[in-house]
Amino acid sequence: MHIRTAEAATAGSLALLSLLAPTAQADTHKGDIAFTSVTFSRTTVNVGIGETQKLTASATLKDNSGIRTVMGFKLVSPDNRLQYAKSSTCTRPSSTTMKCTWSYSLDPRTDDYFDLRNGSAGTWHLDVEAGAYDGDFYTLDSSVTMKIKRYAKLATTRVTPEPVAKGKTLTVTGALTRADWNTNTYVGFAGQKVALQFKRSGSSAYTTVKTVTTDSAGKLRTTATANASGTWRWHFAGTGTTSPATAAGDGVALK
């Protein structure tokens, strides 16, 4: 089982953090304390079924009395699943400024509460609480967001027959799957629009020939006319919860 804990940026006791995240609220603050910058190392992270993905968040805070403490620094998912920082580093460039970096591990395995579930895919927000020496405070709740998506794959494009006479009909097949974080398998992604693209021999650019919808098992099948030699492929643009994907192409020559 993985153990994830929240750490304070400065010495001293911290408030107890709940294991269950509340519904995101608007940022709240008092006084002149402010987050002057907040950035992510990756604004979108696509997670499959086996490999843990790494992410860092960095923030700069300022208050005229100085930053006393920073706590929480957790990521909160659409289904209120939490990801606490695995490590944190904070420095004080000046008496009024603090800079912090937090590291996260996004794990698709299913052996503890903190691992990802399908309902976790989508827009996550960073939740950080900061306090100044003069009593000012800032709760960063819903204003800073990033995407964590289920990784999608397109099987290698298959085109038959090959070679083919000009003007004849080609049959093109493929399959779209995506990571299921509940079962740690790749499953067919049904009802999705996928572009069939073609690149003429000698060209560097693909153009979309038609759009095809995946069947109930995520499979793709369509026909096209062979007007030139070149390479065919499938391309999926992705969704708000699922990554884009591009299949390996299949070259077809005219005879």
Side-chain angles (χ1 to χ4, degrees), residues 2-12 14-29 33-48 51-63 66-94 96-109 112-117 119-132 136-151 181 238 240-241 243:
H2 314 299
I3 299 175
R4 296 166 171 84
T5 59
E7 300 174 0
T10 59
L14 299 180
L16 181 64
L17 297 175
S18 172
L19 288 180
L20 296 177
T23 303
Q25 304 294 325
D27 293 356
T28 57
H29 63 91
I33 188 172
F35 284 82
T36 59
S37 71
V38 183
T39 60
F40 290 104
S41 59
R42 303 160 69 182
T43 55
T44 299
V45 181
N46 302 318
V47 184
E51 184 178 353
T52 299
Q53 297 294 314
K54 304 296 185 180
L55 170 71
T56 61
S58 299
T60 301
L61 304 91
K62 189 173 184 178
D63 183 88
I67 305 300
R68 180 177 58 82
T69 186
V70 181
M71 66 182 75
F73 32 88
K74 55 185 177 286
L75 291 171
V76 185
S77 73
D79 62 349
N80 287 337
R81 192 167 298 276
L82 304 181
Q83 292 289 334
Y84 288 108
K86 297 287 286 184
S87 64
S88 64
T89 302
C90 291
T91 60
R92 296 181 184 273
S94 72
T96 60
T97 304
M98 179 179 284
K99 291 185 177 181
C100 295
T101 298
W102 306 295
S103 300
Y104 301 90
S105 294
L106 304 173
D107 196 340
R109 292 175 293 180
D112 72 26
Y113 167 82
F114 295 96
D115 294 335
L116 300 174
R117 300 294 185 269
S120 308
T123 300
W124 291 55
H125 66 268
L126 181 65
D127 192 328
V128 181
E129 300 171 29
D136 292 351
F137 67 88
Y138 202 115
T139 300
L140 189 72
D141 198 321
S142 59
S143 63
V144 178
T145 64
M146 50 86 63
K147 297 277 189 179
I148 300 177
K149 296 186 177 185
R150 297 164 65 180
Y151 184 73
W181 294 336
T241 60
S243 76

Asks: Let me see the working for Leu82 and Leu75 under side-chain contact (heavy atoms from CB on, under 4.5 Å), right down to the final yes or no.
Replies: CA-CA 6 Å; Leu82 304 181; Leu75 291 171; over 6 Å; no

Asks: OG1/Thr96 to CG/Leu61 distance, rounded to the nearest 0.5 angstrom?
Replies: 11.0 Å

Asks: Would you check if there is a donor-acceptor pair between the side chains of Thr123 and Lys147 at a distance under 3.5 Å?
Replies: yes

Asks: Once you round to the nearest 0.5 Å, how far does CH2 of Trp181 lie from CZ of Arg117?
Replies: 11.0 Å

Asks: Applying side-chain contact (heavy atoms from CB on, under 4.5 Å) between Ser143 and each of Asp27, Leu126, Val38, report the one that passes.
Replies: Asp27

Asks: When you look at NZ of Lys149, are more than 12 heavy atoms from neighbouring residues, nucleotides or ligands closer to it than 6.0 Å?
Replies: yes

Asks: Which heavy atom of Thr43 sits nearest a heavy atom of Met146, and at what distance?
Replies: O-CB, 3.4 Å

Asks: Distance from Glu129 atom CD to Asp141 atom CG, nearest 0.5 Å?
Replies: 9.0 Å

Asks: Among residues at least two apart in sequence or on other chains, which ones pass side-chain contact (heavy atoms from CB on, under 4.5 Å) with Thr52?
Replies: Lys54, Ser105, Asp107, Arg109

Asks: How long is the straight-line distance from OG of Ser77 back to CD1 of Ile148, given to the nearest 0.5 Å?
Replies: 8.0 Å

Asks: Let me confirm one number: the CD1-CD1 distance from Ile67 to Ile33, rounded to the nearest 0.5 Å.
Replies: 4.0 Å

Asks: Considering all heavy atoms of both residues, which atom of Leu116 and which atom of Arg81 are nearest to each other, and what is their separation?
Replies: CA-CD, 4.3 Å

Asks: Looking only at heavy atoms, which two atoms of Val45 and Gln53 are closest? And how far apart?
Replies: CG1-CB, 3.6 Å

Asks: Are more than 12 heavy atoms, taken from residues, nucleotides or ligands other than Tyr151, located less than 6.0 Å from that residue's OH atom?
Replies: no

Asks: Give the minimum heavy-atom separation between Tyr104 and Gln83, together with the two atoms involved.
Replies: CE2-O, 3.4 Å

Asks: Within the 4.5 Å heavy-atom criterion, are Thr36 and Thr97 side-chain neighbours or not?
Replies: no

Asks: Mind listing the closest non-hydrogen atom pair of Pro108 and Gly48 along with its distance?
Replies: CB-O, 3.2 Å

Asks: To the nearest 0.5 Å, what is the distance between NZ on Lys74 and CH2 on Trp102?
Replies: 11.5 Å

Asks: Quiz question: by atom type and distance under 3.5 Å, do the side chains of Ser58 and Thr101 form a donor-acceptor pair?
Replies: yes

Asks: Which atom names give the shortest non-hydrogen contact between Gly119 and Pro78, and what distance separates them?
Replies: O-CB, 4.1 Å

Asks: Take the angle between the ring planes of Phe35 and Tyr138 and call it parallel below 30°, perpendicular above 60°, tilted in between.
Replies: perpendicular

